[in-house]
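Structure first, then comments.
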Amino acid sequence: MRAALGELAASEAPPLGGVLDFMRLLWAVDHQLQAASKRMQSRLGVTGPQRLALRIVGRFPGISAGRLARVLHVHPSTLTGVLERLERRRLLRRWRDPRDARRALFGLSEVGRSVDGERGQTIEKMVERALARLPPERVKLAEEVLRAVAAELSSESGA
């Protein structure tokens, strides 16, 4: 939080009111996710979004790009670059769906399985440690709040 608020310590941050204070916290989380993603890339060779895609493909071998996009809550065009980079690095394998040649299916390569199996200094490990410090009911409430914010941000009538 300190780095996200610049020179001010978290306790010195001026109160802005409910919505703006919450947005400031969301921005801080986003900033820290981006920074952690860069650190993870230097250690593991993959960014946070790339690793998340690998983790999901690892859990659902043979998943289509469209289904993966829905699981990740992103537009398929957003995922295209991530998948191409993972394929170029030989972390993912792609093959045609035998039932529909227009669809590509994805699985992990041997190297991809190794990255998927990494449990050390990853973003999900950091999130896991943070969530472990909270009672499950508070985590569930936080998930509900974040789902509501995500739904509102993705709605066509957001304004």
Side-chain angles (χ1 to χ4, degrees), residues 1-6 10 19 21-97 100 102-134 136 138-156 158:
M1 183 74 152
R2 175 171 288 213
L5 296 176
V19 171
D21 280 333
F22 191 82
M23 287 178 61
R24 177 172 51 189
L25 183 56
L26 287 176
W27 253 248
V29 169
D30 179 59
H31 175 76
Q32 294 304 323
L33 276 171
Q34 298 298 327
S37 181
K38 288 176 185 173
R39 288 190 309 271
M40 193 170 69
Q41 183 175 24
S42 69
R43 283 192 299 267
L44 289 181
V46 293
T47 65
Q50 290 170 347
R51 179 161 163 88
L52 185 55
L54 282 174
R55 297 297 316 270
I56 293 168
V57 171
R59 288 189 176 198
F60 304 102
I63 192 170
S64 70
R67 174 94 170 110
L68 181 57
R70 287 189 301 278
V71 169
L72 290 171
H73 302 284
V74 298
H75 191 274
S77 64
T78 302
L79 192 56
T80 300
V82 170
L83 294 175
E84 287 174 354
R85 283 185 288 283
L86 291 172
E87 265 190 286
R88 268 196 311 272
R89 297 198 44 237
R90 294 182 170 30
L91 297 169
L92 281 185
R93 295 182 306 109
R94 174 196 299 249
W95 64 91
R96 291 276 167 224
D97 184 339
D100 183 351
R102 296 169 296 175
R103 281 185 0 154
L105 303 177
F106 293 89
L108 297 179
S109 67
E110 188 173 323
V111 177
R113 281 191 293 279
S114 172
V115 173
D116 179 40
E118 175 64 41
R119 297 295 182 254
Q121 297 177 350
T122 63
I123 292 172
E124 69 261 23
K125 191 61 161 175
M126 292 178 240
V127 171
E128 180 183 351
R129 285 193 305 263
L131 296 179
R133 291 193 296 264
L134 299 169
R138 291 189 62 196
V139 172
K140 185 163 182 54
L141 183 59
E143 288 173 355
E144 289 176 33
V145 170
L146 291 174
R147 266 193 217 96
V149 170
E152 188 61 33
L153 290 171
S154 71
S155 74
E156 292 292 323

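- Put simply, NZ on K140 and CG on L131 are 13.5 Å apart, with the number rounded to the nearest 0.5 Å.
- Sorted by first and then second residue, the pairs that involve residues 63-76 and meet side-chain hydrogen bond (donor to acceptor under 3.5 Å, both in side chains), not counting sequence neighbours, are H75-S77.
- Nearest heavy atoms, L79 versus A69: CD2-N, 3.5 Å.
- Although no hydrogens or angles enter the test, the distance criterion places a donor-acceptor pair under 3.5 Å between the side chain of R113 and the main chain of L108.
- From I56, atom CD1 reaches atom CG of L72 across 4.0 Å, with rounding to the nearest 0.5 Å.
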Original post:
After noting the C-alpha distance and the side-chain angles of I123 and L52, does the key distance pass the side chain to side chain contact (heavy atoms under 4.5 Å, CB included) rule?
Top reply: CA-CA 9 Å; I123 292 172; L52 185 55; over 6 Å; no
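- With sequence neighbours excluded, the residues satisfying side chain to side chain donor-acceptor pair (under 3.5 Å) with R43 are Q121.
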Original post:
Where do L68 and F60 land on the side chain to side chain contact (heavy atoms under 4.5 Å, CB included) test, with the steps shown first?
Top reply: CA-CA 9 Å; L68 181 57; F60 304 102; over 6 Å; no
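- Listed for the S37 side chain is no donor-acceptor partner under 3.5 Å among the backbone atoms of L33.
- The two residues L54 and D116 have their closest heavy-atom pair at O-OD1, 4.1 Å.
- Qualifying side-chain contact (heavy atoms from CB on, under 4.5 Å) partners for K125, counting only residues two or more places apart in sequence or in other chains: T122, E128, R129.
- Every residue meeting the side chain to side chain donor-acceptor pair (under 3.5 Å) condition with D21, not counting sequence neighbours, appears here in chain and number order: R24.
- With sequence neighbours excluded, the residues forming a side-chain contact (heavy atoms from CB on, under 4.5 Å) with E84 are T80, R88, listed by chain and number.
- Considering CG of L83 and OG1 of T78, their distance stands at 11.0 Å, rounded to 0.5 Å.
- For R96, the CZ atom is densely surrounded, since the number of other residues' heavy atoms within 6.0 Å is greater than 12.
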**OP:** May I have the step-by-step check of side chain to side chain contact (heavy atoms under 4.5 Å, CB included) for L26 and L146, ending in yes or no?
**Re:** CA-CA 10 Å; L26 287 176; L146 291 174; 3.9 Å; yes
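- Panel note: side chain R93, backbone R90; no donor-acceptor pair is recorded below 3.5 Å.
- The structure places CD of E124 at 6.5 Å from CE of M40, a figure rounded to the nearest 0.5 Å.
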**OP:** Could you go through the side chain to side chain contact (heavy atoms under 4.5 Å, CB included) check for V115 and R51 one step at a time?
**Re:** CA-CA 8 Å; V115 173; R51 179 161 163 88; 4.2 Å; yes
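- Between M126 and A36, the shortest heavy-atom contact is CE-CB, 4.2 Å.
- Between the side chain of Q34 and the backbone N or O of H31, no donor-acceptor pair lies under 3.5 Å.
- Remark: E87 engages L92, R94, F106 in a side-chain contact (heavy atoms from CB on, under 4.5 Å) (not counting sequence neighbours).
- A donor-acceptor distance shorter than 3.5 angstrom exists from the side chain of R89 to the backbone of G45, with no hydrogens or angles considered.
- Open room surrounds CZ on R138; 12 or fewer heavy atoms of other groups in view lie less than 6.0 Å from it.
- Across D97 and R103, no two heavy atoms sit closer than the pair OD2-NH2, 2.7 Å.
- Taking every heavy atom of both residues into account, G62 and L105 meet most closely at O-CD2, 3.3 Å.
- Minimum interatomic distance between G58 and P61 (heavy atoms only, all atoms of both residues): O-CD, 3.8 Å.
- The number of heavy-atom neighbours closer than 6.0 Å to CD of E144, taken from other residues, nucleotides and ligands shown, is above 12.
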